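Note that the structure is predicted; figures quoted are calculated from it, not measured. The first residue of the sequence shown is numbered 1, and numbering continues consecutively from there.
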Amino acid sequence: MSRAPRIGAIVGCVAPSGRVLLVKQRGGPFAGAWVLPGGRAEGGESVEAAARRELLEETGYATSSLVLVARYDVRAVDETFAIDLHMFRGGELAGSPRAEDASDVRWVRADEIELHPVVAVELADLGVIARDPAVLSRALRDARVAMRRVF
């Protein structure tokens, strides 16, 4: 890919019950999929600030803390997108659920929905689900996405 990857941040919020906060993706390469809240960092914005902003915009929740869990290089096989994605675990939440226009926000158990392979990798790294790495690798390949953990 000739251009530099975009910088993004997502937040994994996991309730004591094991439910995970997910949003319905409105656009982009994963449109229609249930994903962890997040998005691109704006010019000059830190990834932590982007994670906090996107969490609030997409879900109505603010978090007391963020802990960096993983960083990924995520790319479309056809080179239509590339993102340097930072995944944080969110702490205690304040607020009430409020989805963006044309979206939805839900607390779900991972077995209640069909997980996009990228989200399955993220939830495995958060310790929410157990998945065979070979199965995840095949699912990513079938989705035409290359995803490499760099931290």
Side-chain angles (χ1 to χ4, degrees), residues 1-42 45 47-48 50-61 63 66-91 93 97-151:
M1 183 155 216
S2 59
R3 60 188 162 161
R6 295 179 179 200
I7 307 298
I10 56 175
V11 183
C13 298
V14 183
S17 66
R19 291 188 180 276
V20 179
L21 184 64
L22 297 177
V23 296
K24 189 80 158 202
Q25 186 71 37
R26 297 184 313 164
F30 305 133
W34 287 96
V35 299
L36 294 174
R40 291 189 314 203
E42 296 176 354
E45 183 179 41
V47 290
E48 184 174 310
R52 289 180 183 282
R53 177 182 51 76
E54 289 285 348
L55 177 66
L56 184 60
E57 288 175 0
E58 292 186 352
T59 71
Y61 289 111
T63 185
L66 291 173
V67 175
L68 184 63
V69 173
R71 189 171 146 213
Y72 307 98
D73 176 31
V74 184
R75 297 171 182 267
V77 172
D78 65 5
E79 299 186 359
T80 55
F81 73 88
I83 188 162
D84 178 6
L85 186 62
H86 299 73
M87 180 173 68
F88 295 89
R89 180 182 288 269
L93 298 177
R98 178 190 37 80
E100 289 182 299
D101 290 342
S103 184
D104 197 1
V105 59
R106 289 189 190 158
W107 286 95
V108 299
R109 282 192 336 263
D111 62 358
E112 293 177 329
I113 62 168
E114 184 174 340
L115 295 174
H116 188 283
V118 168
V119 177
V121 169
E122 295 161 354
L123 294 183
D125 285 346
L126 282 167
V128 174
I129 62 172
R131 294 282 166 97
D132 179 341
V135 171
L136 288 175
S137 181
R138 279 193 302 278
L140 286 167
R141 188 174 53 249
D142 291 347
R144 305 201 34 80
V145 175
M147 184 174 190
R148 181 175 60 91
R149 185 173 176 165
V150 293
F151 163 81

- Message: Taking the side chain as everything from C-beta on, heavy atoms only, tell me whether L21 gets closer than 4.5 Å to Y61.
- Response: yes
- Message: What's the separation between atom CH2 in W34 and atom CG in D104, rounded to the nearest 0.5 Å?
- Response: 4.0 Å
- Message: Which residue is it: L68, V67, L126? I am looking for the one with a side chain to side chain contact (heavy atoms under 4.5 Å, CB included) to F88.
- Response: L68
- Query: Does a side-chain heavy-atom distance below 4.5 Å link T59 with C13?
  - Reply: no
- Flag the pair L115 / R131 as yes when at least one side-chain heavy-atom distance between them is below 4.5 Å, and no otherwise. yes
- Query: When rounded to the nearest 0.5 angstrom, what is the spacing between CG in D125 and CZ in F151?
  - Reply: 11.0 Å
- Note on the structure: Note: W107 and A15 closest approach over all heavy atoms is CZ3-N, 3.8 Å
- Task: Evaluate the side-chain proximity of V74 to F81: yes if any heavy-atom separation is below 4.5 Å, no if none is.
- Result: yes
- Message: One pair to check against side chain to side chain contact (heavy atoms under 4.5 Å, CB included): H116 and V35. What are the steps and the verdict?
- Response: CA-CA 8 Å; H116 188 283; V35 299; 5.5 Å; no
- If you round to the nearest 0.5 Å, how far is CD of Q25 from CG of L36? 10.5 Å
- Task: State whether the side chain of R109 and the backbone N or O of G18 hold a donor-acceptor pair below 3.5 Å, judged by distance alone.
- Result: no
- Query: Which heavy atom in A139 sits nearest to a heavy atom in P117, and how many Å separate them?
  - Reply: O-CG, 3.5 Å
- Partner of V11 under side chain to side chain contact (heavy atoms under 4.5 Å, CB included), chosen from L56, L93, L66: L66
- Message: Can you tell me how far apart CD1 (I10) and CE (M87) are? Round to the nearest 0.5 Å.
- Response: 5.5 Å
- Message: salt bridge (charged side-chain N to carboxylate O under 4.0 Å, His left out), that's the test. Do E42 and R53 meet it? Break it down for me.
- Response: CA-CA 10 Å; E42 296 176 354; R53 177 182 51 76; 3.6 Å; yes
- Task: Find the distance between CD (E122) and CG (L136) and round it off to the nearest 0.5 Å.
- Result: 11.0 Å
- Query: Are any non-hydrogen side-chain atoms of V105 and R98 less than 4.5 angstrom apart?
  - Reply: no
- Got a donor-acceptor contact below 3.5 angstrom from the R144 side chain to the A76 backbone? no
- Message: Measuring only between side-chain heavy atoms, which start at C-beta, is E54 closer than 4.5 Å to P37?
- Response: no
- How close do E112 and R19 get, heavy atom to heavy atom, and via which atoms? OE1-NH1, 2.9 Å
- Query: With a 4.5 Å heavy-atom cut-off, do F30 and V119 have their side chains touching?
  - Reply: no
- Query: Any donor-acceptor pair under 3.5 Å linking the side chain of E58 with the backbone of G38?
  - Reply: yes
- Whether H86 side chain and G8 backbone form a donor-acceptor pair below 3.5 Å: yes
- Query: Taking it one step at a time, do E79 and R75 satisfy salt bridge (charged side-chain N to carboxylate O under 4.0 Å, His left out)?
  - Reply: CA-CA 7 Å; E79 299 186 359; R75 297 171 182 267; over 6 Å; no
- Message: Any non-hydrogen side-chain atom of R71 less than 4.5 Å from a side-chain atom of V47?
- Response: no
